[in-house]
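Below: the structure, in structure tokens.
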Amino acid sequence: MTAAQAPADAPPTSMTHRQILQAMSGLMAGMFVAILAGTVVSNALPTIIADLGASQSSYTWVVTSELLAMTATVPLWGKLSDLFNKKLLLQLSLGLFVVGSLLAGFSHGVELLIFSRVVQGIGAGGLTALAQVVMASVIPPRRLGKYAGIFGAVFAVGTVAGPLVGGVLVDTSWLGWRWCFFIGVPFALLAIALLQRTLRLPTVKREVRIDWLGAFLIVAGVCALLIWVSLAGNEFDWMSWQTSALAGGGVVLLAGAVFVESRAAEPVIPLGIFRNRTVTLTTVASLFVGVAMFGGTVFLSQYFQISLGKSPTVAGLMSLPMILGLLVSSTVAGQVISRTGRWKRYLVAGAVVMAVGLGLLSTIDAGTDFAVLSLFMAILGIGVGMLMQNLVLAAQNDVPAAELGTATSVLSFFRSMGGTIGTSVLGAILANRVADEMARGLREAGITAPDGAGETRVPDMSTLPAPMRALVEHAYGVATADLFLIATPFALLALVAVVFLKEKPLKTTSGMERLAEESAAAQVADGAGPAAGRDSVAPVA
């Protein structure tokens, strides 16, 4: 059914500014929940693991399980959004997040905690993919920039403020670590209610064929590779039989997924989408942004606490310059893009500024003044704010409406993949660099290393004597700077990908309107009336 033939009670295919803001309230609450799930526990994990009596291996899996589930399921949620009602899928993902959060908060054993993090990750994967898909469905690309800037700001606040919230909860005796999981539940329930009340989307009714084999191969292959990069260098050596099994198995599974997807009637990730130059280049840029941004900044909280000697709460507050930089740049760039329709210059500028920020942060050490550090972090935040969300805008503008979900989820998937790889690999580099610096410092000072000094576990600074404390602070300062130096070339590779993008005018119709137009055009091309068409658009309350 086309827009012209819709019944009188059908929702309009174009939403007013007020309706968009109302719908975005639910989307923003959902997005904040998704980001908070992965970041709020970072400062609380040492306390959680100690309280549950778990091991260092369990510590790793509490972090990795949520990230694995989120990254691996993003493409599946994106594909489902092209086949089923987006609002119901959003509410389902929020429901999964609530269940996972409650299970985690009431956990009295690490096994249940890890399982609950998997459930949280599946829900967070849906929220990450679907929020941007829904935005593209109701907002024309020409107007999307100013709204995308708001979502970029929410992403920044959730990413950087999460550790601050977690630190405060742990440091507050009458709350404790369990509230790191409970705190997201009210936001999720509020998002479900707001979406039910404010979001009106048509459902594209079509014959559905879900490629279950392709979905299994993609999830299994991605999980094998992510488990490898998450544990290699910590649980086993990079050159070991475990590496051969996980890396080799992951490559074989993904090769099988490519074979299946190339022949499936409804592939989870249509390989033909990569024939679109814009999608391919923005995907590559998103991967490198994930490596550079997440791989570098995830260790800043550790640098604040160990190298600078700050508490978890203060460490969270010290990240505010990066939040503010990202907030201002994403909002301003989005407004200007919506007004002018020009977007490439802001992507290029964002990649340049991000690379400069990473390069400046590669000069820090244990004695860096906080004012200088704040400037460097603000520069990095400004670059990421101009770049990250607008990559999605460029891709959504250049694909058919029926592929909005797939294109959006592909970018989110590769950005999360890059972040996972960057975090894991740079974490291993950090551990080795700290060990080398500690060994060198002990030799130069003529100090006999205490038992366990060569281990890669995070030290308890309060128990160290003054000479060892100074060595540890210096080692973590030098090692953290090296991580930003290693991340800088990846930002430059993102810049190269962005430079080769071809700027195309932003469309002035929303995804719903484009879908109706494309459906009508396909019916005309087939010489059939609306009733004979393969797809139809039906209203949903």
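Keep in mind that this is a model prediction, so the values were computed, not measured. Only heavy atoms go into these numbers, but all of them, side chains included; no hydrogens, no water, no symmetry mates.
Considering every non-hydrogen atom in both Thr73 and Gly125, the closest pair reads OG1-CA, 4.1 Å. Nearest heavy atoms, Ser107 versus Arg178: O-NH1, 2.6 Å. Across every non-hydrogen atom of Leu94 and Ala191, the tightest pair is CD1-CB, 3.7 Å. Of all the heavy atoms in Val410 and Thr283, the pair that sits closest is CG1-OG1, 3.7 Å. Closest of all the heavy-atom pairs between Ala497 and Val284 is CB-CG1, 4.2 Å. Summarising the geometry of Trp177 relative to Ala104, their closest heavy-atom pair is CZ3-O, 4.1 Å, with the distance given to 0.1 Å.
Counting only distance, with no hydrogens or angles, the side chain of Asn390 and the backbone of Met386 share a donor-acceptor pair below 3.5 Å. A distance-only check finds a donor-acceptor pair linking the side chain of Trp343 to the backbone of Lys504 [under 3.5 Å]. Arg117 places no side-chain N or O within 3.5 Å of a backbone atom of Leu112 that could act as its donor or acceptor partner. Checking side-chain atoms of Lys344 against main-chain N and O of Leu501 turns up a donor-acceptor pair under 3.5 Å. Side-chain atoms of Ser101 never come within 3.5 Å of backbone atoms of Phe182 as a donor-acceptor pair (strictly under, hydrogens ignored). Checking side-chain atoms of Trp77 against main-chain N and O of Ile122 turns up a donor-acceptor pair under 3.5 Å. A donor-acceptor contact shorter than 3.5 Å links the side chain of Ser329 to the backbone of Ile382. Between the side chain of Ser262 and the backbone N or O of Phe259, at least one donor-acceptor pair lies under 3.5 Å. Listed for the Glu261 side chain is no donor-acceptor partner under 3.5 Å among the backbone atoms of Leu271.
With rounding to the nearest 0.5 angstrom, the CG atom of Leu89 is 11.0 Å from the CG atom of Leu127. Between atom OG of residue Ser93 and atom CG of residue Leu88 there is a gap of 11.0 Å, rounded to the nearest 0.5 Å. Going from atom CZ of Arg263 over to atom CG of Leu213 covers 12.5 Å, rounded to the nearest 0.5 Å. One finds the CG atom of Leu195 at 14.0 Å from the NZ atom of Lys86 (value rounded to the nearest 0.5 Å). For the atom pair CG (Leu102) and CD (Gln120), the distance works out to 9.5 Å, reported to the nearest 0.5 Å. Distance CD1/Ile192 to CG/Leu90: 10.0 Å, rounded to 0.5 Å.
Residues Thr280 and Arg277 fail the side-chain proximity criterion, which asks for heavy atoms closer than 4.5 Å. No side-chain heavy atom of Ile183 sits less than 4.5 Å from a side-chain heavy atom of Leu175. With contacts defined as side-chain heavy-atom distances shorter than 4.5 Å, the pair Asp398/Val279 does not qualify. For the pair Val384 and Val353, the minimum side-chain heavy-atom distance is 4.5 Å or more.
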Q: Start with the C-alpha distance between Met354 and Met388, add both sets of side-chain angles, then the distance that settles side chain to side chain contact (heavy atoms under 4.5 Å, CB included), and finish with yes or no.
A: CA-CA 10 Å; Met354 183 177 74; Met388 188 166 58; over 6 Å; no

Q) side chain to side chain contact (heavy atoms under 4.5 Å, CB included) between Gln196 and Lys87: does it pass, once the steps are laid out? A) CA-CA 8 Å; Gln196 182 63 34; Lys87 183 172 88 171; 4.1 Å; yes

Q) Which is it for Arg342 and Ile337 under the side chain to side chain contact (heavy atoms under 4.5 Å, CB included) test, yes or no, and what are the steps along the way? A) CA-CA 6 Å; Arg342 306 296 296 273; Ile337 288 172; over 6 Å; no

Q | Thr278/Lys502 under side chain to side chain contact (heavy atoms under 4.5 Å, CB included): CA gap, chis, key distance, verdict | A | CA-CA 7 Å; Thr278 302; Lys502 181 179 179 181; 5.6 Å; no

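For Phe274, the CZ atom sits in a packed shell: over 12 heavy atoms of surrounding residues, nucleotides or ligands are nearer than 6.0 Å. Residue Arg197 qualifies as open at atom CZ: its count of foreign heavy atoms under 6.0 Å is 12 or below.
By the 30° and 60° cut-offs, the orientation of the rings of Phe288 relative to Phe490 is tilted.
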